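Residue numbering restarts at 1 for every chain, and letters A, B, ... go by the order of the sequence lines. Because the structure is a prediction, the values reported are computed rather than measured. These numbers come from the heavy atoms of this one structure, side chains and all, not from hydrogens, waters or symmetry mates.
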Amino acid sequence: MLLKIYNTLLKTYGYQGWWPLLSCKGTNPTKTGSMRGYHPGDYSYPKNNLQKFEIIIGTILTQNTSWQQAEKALINLNTINALSPSAIISLDSRMLRSAIKPAGYFNQKASYLKNAARFFILLDNKAPARDELLAVKGIGPETADSILLYAYSQPEFVIDAYTKRIFSHLEIIKREDNYPMIKQLFENNLPKDYKLYQEYHALLVEHAKRCYARKPYDDKLLGRYAKKRNYEL
DNA sequence: AACCAGGACGTGA
DNA sequence: TCACGTCATGGT
């Protein structure tokens with residue numbers, strides 16, 4: 001069932017090209033919102049440590065914030081040459097706060113970014129464990145999974161507000177289900193493939209932006225799954 | 001003028 | 001464990 005929904009979304013919206021990177025010139029004209037940095041169908045990113053770190057910074061900046069706003073903050077950081085771990089650490093806190101202001105919560109996020117930068121240097125080119133990520137103040141379950149999935153190509157399914165909204169509306173999950181429950185549902189019923197996980201989450205975001213932005217939800221594309229009720233989960 | 005955006009943390013029960 | 005308040009800018 002989950003694969004069927006994935007295929008429907010993929011056929012409808014096409015490859016999304018996540019995670020967007022400033023240094024990546026590819027665009028995806030079918031996408032809503034910002035067009036910068038996408039690389040549809042190419043899962044070979046990130047290609048170096050700097051791109052890994054940019055993804056980590058991005059996951060924090062986009063917390064409860066639209067990507068468009070997070071991207072403005074990233075561009076500001078890039079302008080002052082502060083997209084490396086060492087630059088974030090040494091950057092004056094007031095400068096950091098003003099650079100990321102468009103992304104909101106700039107006081108918290110400035111602190112979170114410094115934590116993430118110190119953590120990234122401590123990693124010393126190794127991949128982080130999920131528990132290690134969660135121990136960093138500012139990295140919660142969704143951010144940790146986004147980092148593992150998109151920066152480190154680990155098959156960790158990302159559950160966000162959109163995912164909960166779509167699948168509770170389809171009555172595949174309940175609204176009171178917590179993060180690990182929903183995550184296990186996906187990971188237990190899908191091939192453990194990071195490319196699939198990356199694309200699926202990106203497609204869910206795209207679908208939610210288009211059809212679940214505001215009540216009453218527009219369920220013209222997947223609403224029929226809610227009525228059939230013949231899932232085999 | 002509310003409401004929402006690719007959440008996480010601190011607190012109190 | 002968990003519900004709740006807080007954090008903050010910008011688009012619709």
Side-chain angles (χ1 to χ4, degrees), chain A residues 9 13 15-22 28 31-40 45 54-77 93-94 96-116 119 130-151 156-169 174-183 186 194 197-218:
Chain A
L9 291 170
Y13 301 123
Y15 294 102
Q16 297 301 301
W18 278 36
W19 187 278
L21 289 160
L22 291 184
N28 186 345
K31 280 193 58 51
T32 61
S34 170
M35 311 254 285
R36 292 177 60 116
Y38 295 93
H39 41 91
Y45 293 92
E54 181 183 327
I55 293 174
I56 293 173
I57 296 305
T59 62
I60 292 172
L61 288 173
T62 197
Q63 285 170 358
N64 203 37
T65 303
S66 70
W67 178 252
Q68 201 168 53
Q69 294 303 114
E71 188 183 56
K72 290 178 188 171
L74 280 176
I75 291 172
N76 288 343
L77 289 173
S93 291
R94 289 166 299 184
L96 181 54
R97 285 195 290 266
S98 70
I100 68 173
K101 185 180 270 188
Y105 307 113
F106 52 83
N107 288 309
Q108 295 183 15
K109 286 180 178 176
S111 163
Y112 295 169
L113 291 182
K114 292 215 174 228
N115 295 341
F119 175 74
R130 193 168 189 273
D131 291 344
E132 297 176 323
L133 284 168
L134 291 175
V136 179
K137 190 181 295 183
I139 299 179
E142 183 188 335
T143 303
D145 287 332
S146 293
I147 290 171
L148 290 168
L149 180 60
Y150 289 105
E156 304 280 349
F157 205 93
V158 176
I159 306 301
D160 66 345
Y162 285 147
T163 309
K164 294 176 191 166
R165 194 176 303 173
I166 292 171
F167 285 90
S168 65
H169 185 242
K174 293 176 216 139
R175 186 154 285 107
E176 63 266 25
D177 289 344
N178 60 22
Y179 190 98
M181 286 174 68
I182 305 172
K183 180 179 173 173
F186 281 89
Y194 83 89
Y197 288 14
Q198 287 187 359
E199 199 62 63
Y200 207 154
H201 177 246
L203 285 165
L204 288 173
V205 171
E206 184 63 22
H207 180 55
K209 279 181 180 174
R210 294 175 184 253
C211 299
Y212 286 77
R214 197 175 293 271
K215 292 182 180 178
Y217 299 141
D218 177 5

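Residue contacts shown for A:A161 are limited to sugar-phosphate atoms, with no base heavy atom under 4.0 Å away. Within the 4.0 angstrom heavy-atom criterion, no nucleotide atom of any strand lies near A:R97.
A salt bridge is absent between A:D177 and A:K164: the closest approach of a Lys/Arg side-chain nitrogen to an acidic carboxylate oxygen does not fall below 4.0 angstrom.
For the P atoms, the distance linking B:dT11 with C:dA8 amounts to 16 Å, nearest Å. For B:dA5 and C:dA3, the C1' atoms lie 22 Å apart once the distance is rounded to whole Å.
Side-chain contact annotation: A:H207 with A:Y13, donor-acceptor N/O pair under 3.5 Å present. No donor-acceptor contact under 3.5 angstrom links the side chains of A:Y45 and A:H39, judged on distance only. When only modelled atom types and interatomic distance are considered, A:Y179 and A:D160 share no side-chain donor-acceptor pair under 3.5 Å.
In this structure, A:R165 atom CZ and B:dG7 atom C1' are separated by 13 Å, rounded to whole Å. As rounded to whole Å, 11 Å separates atom P of C:dC2 from atom CG of A:D177. In this entry the distance linking OH of A:Y179 with P of C:dC2 reads 16 Å, nearest Å. Between the CZ atom of A:R175 and the C1' atom of C:dC2 there is a distance of 17 Å, rounded to whole Å.
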* Per-nucleotide protein contact string for nucleotides 6-12 of chain C (B base, S sugar-phosphate only, - none; heavy atom under 4.0 Å) -> -BBSSS-
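With ring centers used as reference points, A:F167 lies under 6.0 Å from A:F186. Aromatic rings of A:H201 and A:F157 (six-membered ring for Trp) have centroids beyond the 6.0 Å cut-off, not under it.
Residue A:I60 holds its CD1 atom at 9.0 Å from OH of A:Y112, rounded to the nearest 0.5 Å.
Residue A:K183 places its NZ atom among more than 12 non-hydrogen atoms of other residues, nucleotides or ligands, all under 6.0 Å distant.
Toward the 5′ end of DNA chain B lies the nearest nucleotide of A:T62, the other residue of the pair A:Y112 and A:T62 mapping further downstream.
The two residues A:K109 and A:G104 come nearest to each other via the heavy atoms CD-O, 3.3 Å.
For DNA chain B, the neighbouring residues in residues 133-145 of chain A, judged by any heavy atom under 4.0 Å, are A:V136, A:K137, A:G138, A:I139, A:G140, A:P141, A:E142, A:T143.
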